[in-house]
Number of protein chains: 2
Amino acid sequence: MNKTTTQDKILDAAEQLFASTGFADTSLRQITSMAQVNLAAVNYHFGSKKELIQSVLQRYLSVLMPRLDQEFSQLLSSQKQNDLTAVLSVFIKPLLELNKVQHHGTRMFLQLLGRGYTDVQGHLRWFFNHHYGRTLDKFVLLVQQACPDLPASEIFWRLHFSLGTVVFTMASNQALQEIAAADFNENVEIEGVIHRLIPYLAAGIASPLTLSSQAH
Amino acid sequence: MNKTTTQDKILDAAEQLFASTGFADTSLRQITSMAQVNLAAVNYHFGSKKELIQSVLQRYLSVLMPRLDQEFSQLLSSQKQNDLTAVLSVFIKPLLELNKVQHHGTRMFLQLLGRGYTDVQGHLRWFFNHHYGRTLDKFVLLVQQACPDLPASEIFWRLHFSLGTVVFTMASNQALQEIAAADFNENVEIEGVIHRLIPYLAAGIASPLTLSSQAH
DNA sequence: ACTAAATTAAAACACCTGTTTGAAATGTAC
DNA sequence: GTACATTTCAAACAGGTGTTTTAATTTAGT
């Protein structure tokens, strides 16, 4: 049999619509109509739209974050000096393995992540920090070890600059890939974008302190 | 007398609410109530909410963009080799001068710009390209001249990565400054953030091509 | 001061939102 | 097969949205 449950039908439709239209601009009626289930099913199975959004993300995060956490711990315990590119590259494999969770899991998840941060749904930030703050701390520690010359506050800013790049790129990933295909005849998969991102981010994060940045 | 007109009262209230709550999540009723004008005044004076959003941005863009255009042209005509930091630094003065348009003009405008790109209001992208595409082309040309070793497609991607940083940082600027103040005891004005951004962006954009980025 | 245009005002409009209700249908255990 | 719990369904609910309408008011020109 292996029939998909109502909950899964809702999750599948929701993540697709959320990724392409955003959380706020996707209505429950769109979701239930695409999933071919009754409107009331969302509130019955998930309680509210808010909890549905969290469930959609949780399906990926519960796979991704433990894997990342493990990799971070491993890198932290290995005594060798980790360079920044190595630290950032930790994300690649766990991210790409999300394609096993869903057909286009990686792209979908990253797009959702972008939406999650750009649509400033306050509850999502809380949800993430509450569940995965520890893992995040390990990552920050690794970056600090890789950039011993940078003060913590500078790393704070640069990591948020980088978060902006990732989030924005992923949120507008589809549009960017279409432009790249049209203007430069190049077809980049999500994997290609990730491999373009890492050296860019590493160079920005590790850039030497300048007079002008220190003055302010 | 010098009394503020209804239109200005609406623009002032709208930009404040748009900047802090986003375009979609700000209702006309919130705006008109803060501006202390009648609800119907928005549609009477601006036609629609869409056009109000454009008008709010236009108030800043019509000051900023001609100034940027002029600076770009000047840099293009000067025959000397411009380095990337110099090109990016062109933005600083015109941006900070937006404080003359409104009290907190610079911060407000950048926050609005962030909102404009993260709330994917399609009409805003069109509006911007339609009015200021020429100016943008000059900027891209300057970057290409500063990075002669990078193929155009790579520059395309890196400029969009950078756009992500700027837009995201500006959209969440308020939250970031609060965290920085709490965690690192440092009070950064918008000017400080800009001076932190430029070396970060320059390093990312100018980073050398790597094997992994070329392979994909 | 009179007229005509521009502006303000209150109310209604049509539509969409997330959520709840109560009955019908389905599944499950004994 | 009967009782019970789970799930589905259509309908309604309460509230919010941008926009329009129609009348009242203010402003400006002669």
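Naming convention: chains lettered A, B, ... in sequence-line order (proteins, then strands); numbering from 1 in each chain.
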Could you tell me whether the side chains of A:Q16 and A:D12 share a donor-acceptor contact shorter than 3.5 Å? no
For B:Y200 and A:S162, does a side-chain donor sit closer than 3.5 Å to a side-chain acceptor? yes
Atom [atom1] of [X] and atom [atom2] of [N]: how far apart are they, to the nearest Å?
X: B:N43; N: D:dT22; atom1: CG; atom2: P; result: 16 Å
X: A:K50; N: C:dT17; atom1: NZ; atom2: P; result: 19 Å
X: A:D25; N: C:dT17; atom1: CG; atom2: C1'; result: 12 Å
X: A:L28; N: C:dG18; atom1: CG; atom2: C1'; result: 6 Å
X: A:I10; N: C:dT19; atom1: CD1; atom2: C1'; result: 14 Å

Salt bridge check: are A:D69 and A:K138 linked by an N-O gap of less than 4.0 Å? yes
Looking for any heavy atom pair under 4.0 Å, which part of the strands does B:T26 touch: base, sugar-phosphate only, or nothing? sugar-phosphate
So, OP1 or OP2 of C:dC16: does either fall under 4.0 Å of a side-chain N or O from A:S27? no
Ring center gap for A:F168 and B:F168 short of 6.0 angstrom: no
Centroid-centroid distance, B:F91 to B:F139, less than 6.0 Å: yes
Walk along nucleotides 8-14 of chain C from 5' to 3' and tag each nucleotide B, S or - by protein heavy-atom contact under 4.0 Å, base first, then sugar-phosphate. BBB----
Among all residues two or more places apart in sequence or in another chain, which pass the ring pair (Phe, Tyr, Trp, His ring centres under 6.0 Å) test with B:F184? A:F156
